[in-house]
Amino acid sequence: MALLEDRSAIPISLGAYLKLQHSILSMADAVLPAFLQVLFQNAMELLKKKLEFACDIDNEGQKLMSNMEMIQAVLRGGEKMKFNDEQRLWFSDLKDAGYDAMDVLDEYLYEVQRRKVIHLPHLRNHTLSSALNPSRLKFMSNMERNIKCIAGKIDDLKNKRLTFQVEVHDQTDQQHEGSMCNGSTSLPPISPCGRENDQERIVNMLLQRDLKPNIAVLPILGEAYIGKTTVAQLIINDKRVSRHFDVRIWAHVSPDFNIKRISASILESIYDKSHYDNLDTLQKHIQKRLRGKRFLLVLDDYWTENWHDWEELKRPLLKASAGSKVIVTTRSGAVAKLLGMDLTYQLKPLSSEDCWSLFRRCALGVEVKEYNSGDFLDRLKMEVLQKCNGVPFIAASLGHRLHQKDKSKWVAILQEEICDANPNYFIRARQLSYAQLHSHLKPCFAYCSIIPREFQFEKEWLIKHWMAQGFIQSKPDAVATGSSYFRTLFEQSFFQRELVHHSGERHRYSMSRMMHELALHVSTDECYILGSPGEVPEKVRHLTVLLDEFANQNMFETISQCKHLHTLLVTGGNAGYELSIPKNLLNSTLKKLRLLELDNIEITKLPKSIGNLIHLRCLMLQGSKIRKLPESICSLYNLQTLCLRNCYDLEKLPRRIKYLHKLRHIDLHLDDPSPDIHGLKDMPVDIGLLTDLQTLSRFVTSKRNILDNHSSIKELDKLDNLCGELLISNLHVVKDAQEAAQAHLASKQFLQKMELSWKGNNKQAEQILEQLKPPSGIKELTISGYTGISCPIWLGSESYTNLVTLSLYHFKSCTVVPSLWLLPLLENLHIKGWDALVKFCGSSSANFQALKKLHFERMDSIKQWDGDERSANPALTELVVDNCPMLEQPSHKLRSLTKITVEGSPKFPGLQNFPSLTSANIIASGEFIWGSWRSLSCLTSITLRKLPMEHIPPGLGRLRFLRHLEIIRCEQLVSMPEDWPPCNLTRFSVKHCPQLLQLPNGLQRLRELEDMEVVGCGKLTCLPEMRKLTSLERLEISECGLIQSLPSKVSECLEHVNDMEEAVHAHLASKKFLEKKLHLERLDMLHRWDGDNICSFPSLLELVVKKCQKLELVADKLPSLTKITVEGSPNFCGLRNFPSLTHVNVTESGEWIWGSWSGLSSPISIILSKLPTVHLPSGPRWFHSSLQRLDISHCKNLECMPEDWPPCNLSHFSVRHCPQLHKLPSGIRHLRALEDLEIIDCGQLTCLPDLDRLTSLLWMEISNCGSIQFLPYLPSSMQFLSINNCPQLRLSCMKEGSLDQAKIKRIFSVWIDGAEVFSSADEPRFVIPAKLQKG
């Protein structure tokens, strides 16, 4: 069958496409270039516009349009085809022709637009004038020639399709993921999978009492292979679920929603038989079997978003008993929303530890606790976790791939498994997600491959990119359409939310590693991130430059080789790095750009040649240092978006910006809008002519000058399409109310956020503000610097039914607050700097029915907050009183208040009227807290900071719910009463109280105390006994220079518990502990830690001793201590009392470690740093068979090691920054278990001992060892070698035919000075760790 014939001749189904996905071809072989359809669709739109203006070349245009319509028909079917090499080449040529057509047509329409805005257009555009203009004649001649050339190319491509055939599959070949995966089963997973917590939470949700007649549906939402089916299997087999539900049913749905098949599966799951062919019979039997019973139904792998399908499927379920539940596993947020209404369980990636545990269990074939992994496997940990990205399927697959393989081959196998395009399982699932997308969404997703990994972006940012590329077709509201596109991709898990903004808007998103790889595949070499593996594609269209990876001016040489760019995104870079764009780059290479983004780059100016980018739709300079844009920007007649977000140095916009009729978005937002920071002084005259503007974040009014060249607020008159936010500043220069009225702010109905700002006095301020009435749909309003005496009538109007946040700053002269309590949805109210206000509010029974947070700040005169029991502010949960020195107690109770902050308000009388208060933060506000103490019955957390007290009064009573107590920077505090602190605390902190002489003995009563800090209390000389602190888990004592000893009889604190949460060290990684840590720092007078026969810390796991210069003896035995860090404590006498010690880190602390070495019973890891040692001791007593890791660093005096060193069972050995070391011991040749060797910054080393006997060695790094001339003999097990800043060694390895070059030829991956110079693989696949890269 010919490829390009009538579209009805290509009856290709989705099933046929999915069957092709199941073939052995890589993804790229089965994917039509994602941009092709939208490319020709845009070209068609341009061609239609062109034909409206130019009838003189109508024949060629009509011929071209005919061919392009035919091509579009082919592209609509081509997605489902399997291509051979010839066909893929044909599509590539077709794509090039499409881009050429779009460029030429775009150039034509640019000229049409230019002629509309030139000076004297009616005269210069007259037919006779145009006929006499040589430049116009030349343009038309070139245009006609170019269009004929492109029409010829496309015609040739049309004819060429007759030379090859296309394989077409019949509808009967349909095969969806469900059949490819053989469905799913309700049987539980064989081994633990890290989803037990999810299982517990969902089971608890299912068992909640529910008597509603409707079926409750709980969607489990997540990416492909994230574990949705596994979780559902765990739940349906849970014993509690089995007891609770009469019937448990499992049905696999699949993308092919066949209600008859699904109904048959449900019926078969109920009673083993489903031989009925009629849907009506099936559903009647289901209804009969479930009538009056409470069931749990799992619908696994649900795809369809058709509500009618769901209504039909659930019909026979409605006669079941109340409390029946349906679990639906799905990748689609739209499905979850359709079926689950408001309740959805989002299944997140596995934690790093669970993912790592699953990988090791599959790789090693044993429980982790039975295996000591060693350092090489741990070195691979970050690599594996990065590849797995929390997906259990990948972790298990990689683990099984390595199972029973020689460890020397693990690196190669791991890389092959990750990098090879495998059409099975996971890749197939991702393909299916992409194939399910509508055609208009595919280029939007493919384009996202330009987004760097781990880069967080906002929805609005990405939509602007899509608009610039023409992915969002011309519609009245492209932003709304783009939002719909984005929402669909997000709901189907192509994006994931990373950060939720406090305002509920401008969330930040990212792409998972899996989705990023999928986008790279489907973009088919059109997108590239500079610095990625491989060569820059010859015809790359969209390029990202990461300055962190490519931070130099030479990058423009690489960019200049990319002749077809439509997108250039430059981001990253270091602070202070200035970028200058070469003029010729814009004149030649980048002429086809649609989007140019320089993100947070310290660029100060743009070249005038930017005006040559006639195709440019989007210019983004956010976070730059630019002061002034060249006027040539006003020649960019296709420009849609000008982003100058956070450009604080910007002084003015181009004067002729009014001619950019297609401009829709001018983003001038500042995260910090303080007038003292930004430099923009005014707006261009006639900016109001851009009536299609949808974004204008700031409008700066300015004073009238001699030439009347000022930006009057009346420029806003016709800008009724503005959306989002608008800040209007310098309102003090508005002439009068009449000028203010001409802005017609009330007509800007699409605005969500508005700010009105004054910086000076205006005698007509009241009349002006009255005319600046915001639109009624506003959600957030800020007014600052207003100098009028009274507020406008509209400010308290009930018509503002959507207003949620209101901020009123620096109303210097206002004495009365308007009727803000009438605003029905007001939740947040911030009143600041009202110097003349004495009284707040009144006694209305309608007071602030929705208000949740009230913030008073810098109100010097306010004294009263009037009210009675009717004005209870029923929703108020948070109150902030900040520097209101005269404010007294509210005269009414705030029954819902749970959190209060009082700062710099010493007359605030107390907290008696807040019965629900749970959290209090009192700062520099007198001692009123003590008078309220007994009434704080619900308080759980309190912070006392900068209070002027010397003594905390006794007899305050106990707050039985108080859990957290912090006392900070109370510089006069001398003592606390003996009955303090309250006995139910779990956290107690005393910081920076320099006069405090002692802590109360009441500490012994704190049986539930888990965390205690004593910091910066310079006059403390001792600590009270702590025998009864049986729950203490963490104790920090630092900057308490007079403490000479720890308590002699510390109780059995830091006790071992069963519910453990953090892995303590490598060899116990399978066990989980709640880390028990004691931290002693800067205790200048501490010299002893006495002990007796009673063990004071039986379960202490970690001890840190830092800068305790006089500490000598730890007489206490610490039987459970496994890790110790000693830094800057040269008198510390040794480690003899720690029988379980496995991890030792000694830094800058003398040479006492050698006296303790033989006393270590079974050390695993020892780190020695900054020791004054010249020669290491020798002898067999140093050779612990358990020692696996030894690091020696920054020992500046170390000259040599004994020949019998290092200990023989090491798996990791590192020597770093030892500049006097001139020789490594020959004993290193006997380290048969050594896997990892580092030699860094040892400038006196001239050679290394031969390592060919080290049969386990996998990884070696040699850096900054300039005297080493040759490599030693290396073992065949070596997988990775890195050499940095070793010039002689580099020359030896790079010399053609040298012995060292022969040595490295057997190594899987060799890196020299940050670049991979050799790999035994077909192509470089090993990513060098960041810490090993040059520089």
Side-chain angles (χ1 to χ4, degrees), residues 372-379 1065-1067 1122-1127 1134-1135 1138 1140-1242 1245 1248-1249 1251 1253-1263 1265 1331:
N372 187 357
S373 63
D375 287 287
F376 177 66
L377 186 57
D378 288 337
R379 177 66 70 94
H1065 41 70
H1067 82 296
T1122 60
K1123 183 177 181 180
I1124 188 169
T1125 298
V1126 182
E1127 178 179 341
L1135 311 174
F1138 316 140
S1140 300
L1141 200 60
T1142 58
H1143 288 64
V1144 179
N1145 186 341
V1146 180
T1147 302
E1148 203 174 4
S1149 297
E1151 299 191 67
W1152 53 262
I1153 180 65
W1154 310 123
S1156 303
W1157 192 279
S1158 59
L1160 297 173
S1161 59
S1162 55
I1164 289 177
S1165 172
I1166 296 179
I1167 300 175
L1168 307 175
S1169 179
K1170 298 182 181 180
L1171 302 190
T1173 304
V1174 176
H1175 305 283
L1176 298 184
S1178 63
R1181 63 192 180 116
W1182 309 107
F1183 302 155
H1184 292 285
S1185 60
S1186 62
L1187 188 61
Q1188 298 176 11
R1189 183 182 184 97
L1190 177 61
D1191 290 82
I1192 301 174
S1193 69
H1194 296 90
C1195 295
K1196 295 182 179 180
N1197 300 321
L1198 182 63
E1199 295 179 358
C1200 66
M1201 304 179 193
E1203 289 301 307
D1204 54 0
W1205 262 63
C1208 62
N1209 288 330
L1210 290 182
S1211 61
H1212 168 89
F1213 181 42
S1214 173
V1215 183
R1216 294 177 291 154
H1217 310 292
C1218 298
Q1220 302 302 318
L1221 183 66
H1222 55 77
K1223 184 181 179 182
L1224 289 180
S1226 58
I1228 200 172
R1229 300 168 61 186
H1230 304 296
L1231 302 182
R1232 299 297 178 88
L1234 191 67
E1235 298 175 347
D1236 189 352
L1237 176 63
E1238 290 180 332
I1239 304 165
I1240 300 173
D1241 199 14
C1242 298
L1245 278 180
L1248 301 176
L1251 306 175
R1253 296 182 183 178
L1254 306 187
T1255 54
S1256 298
L1257 188 63
L1258 300 167
W1259 191 302
M1260 183 165 74
E1261 178 186 357
I1262 307 171
S1263 295
C1265 298
K1331 81 181 190 71

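All values derive from a computational prediction rather than experimental measurement. Only this structure's heavy atoms are used, side chains among them; waters, hydrogens and symmetry mates stay out.
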**OP:** With sequence neighbours left out, write down each residue that passes side chain to side chain contact (heavy atoms under 4.5 Å, CB included) with P1163, or none if nothing qualifies.
**Re:** L1160, I1166, H1184, S1186, L1187
Subject >> Heavy-atom check, side chain of L1251 versus side chain of L1237, under 4.5 Å >> reply: yes
Original post:
For the atom pair OG1 (T1255) and CG (L1231), what is the distance rounded to the nearest 0.5 Å?
Top reply: 10.5 Å
Subject >> Minimum-distance pair of heavy atoms, taken over all atoms of M1201 and L1221 >> reply: CE-CD2, 4.2 Å
Subject >> Flag, side chain of S1211 to backbone of Q1188, donor-acceptor distance under 3.5 Å >> reply: yes
Subject >> Side-chain heavy atoms of I1167 within contact of H1143, under 4.5 Å >> reply: no
**OP:** Determine the minimum heavy-atom distance between P1249 and P1225, stating which atoms define it.
**Re:** CG-O, 4.0 Å
Subject >> Minimum heavy-atom distance between D1236 and L1257, given as atom pair plus value >> reply: N-CD1, 3.9 Å
Original post:
Mind checking whether I1192 and L1176 have side chains closer than 4.5 Å, heavy atoms only?
Top reply: yes
Original post:
side-chain hydrogen bond (donor to acceptor under 3.5 Å, both in side chains) with T1173: which residues, sequence neighbours excluded?
Top reply: E1151, W1154
Original post:
So how far is it from H1212 NE2 to R1189 CZ, rounded to the nearest 0.5 Å?
Top reply: 3.5 Å
Original post:
Counting only N and O atoms by type, is there a donor-acceptor contact under 3.5 Å from the side chain of S1256 to the main-chain atoms of R1232?
Top reply: yes
Subject >> By side-chain hydrogen bond (donor to acceptor under 3.5 Å, both in side chains) - contacts of T1147 (at least two apart) >> reply: N1145
**OP:** Nearest 0.5 Å please: distance from the CG atom of D1241 over to the CD1 atom of I1262.
**Re:** 13.5 Å
Original post:
Which pair of non-hydrogen atoms, one from P1219 and one from C1195, has the smallest distance, and what is that distance?
Top reply: CD-O, 4.5 Å
Original post:
Side-chain contact, heavy-atom cut-off 4.5 Å: R1216 with H1194?
Top reply: no
**OP:** List for me each residue that meets side-chain hydrogen bond (donor to acceptor under 3.5 Å, both in side chains) alongside S1165, sequence neighbours excluded, and say none if there are none.
**Re:** none
Original post:
Hey, what do you get for CD1 (I1240) to OG (S1263), rounding to the nearest 0.5 Å?
Top reply: 5.0 Å
Original post:
Which pair of heavy atoms, one from C1200 and one from L1198, lies closest together, and at what distance?
Top reply: O-CD1, 3.6 Å
**OP:** Starting at CG of L1168, measure out to CG of D1191 and round the result to the nearest 0.5 Å.
**Re:** 8.5 Å
**OP:** Find the distance between CG (L1234) and CG (N1209) and round it off to the nearest 0.5 Å.
**Re:** 11.0 Å
Original post:
Is there side-chain contact between L1245 and V1215, with at least one heavy-atom pair below 4.5 Å?
Top reply: no
Subject >> Those residues that, when tested against E1203, pass salt bridge (charged side-chain N to carboxylate O under 4.0 Å, His left out) (two or more places apart) >> reply: K1223
**OP:** For the residue pair Q1220 and K1196, establish whether any side-chain heavy-atom pair is separated by less than 4.5 Å.
**Re:** no
**OP:** State which residues pass ring-ring contact (aromatic ring centres under 6.0 Å, His included) with H1222; sequence neighbours excluded, sorted by chain then number.
**Re:** none
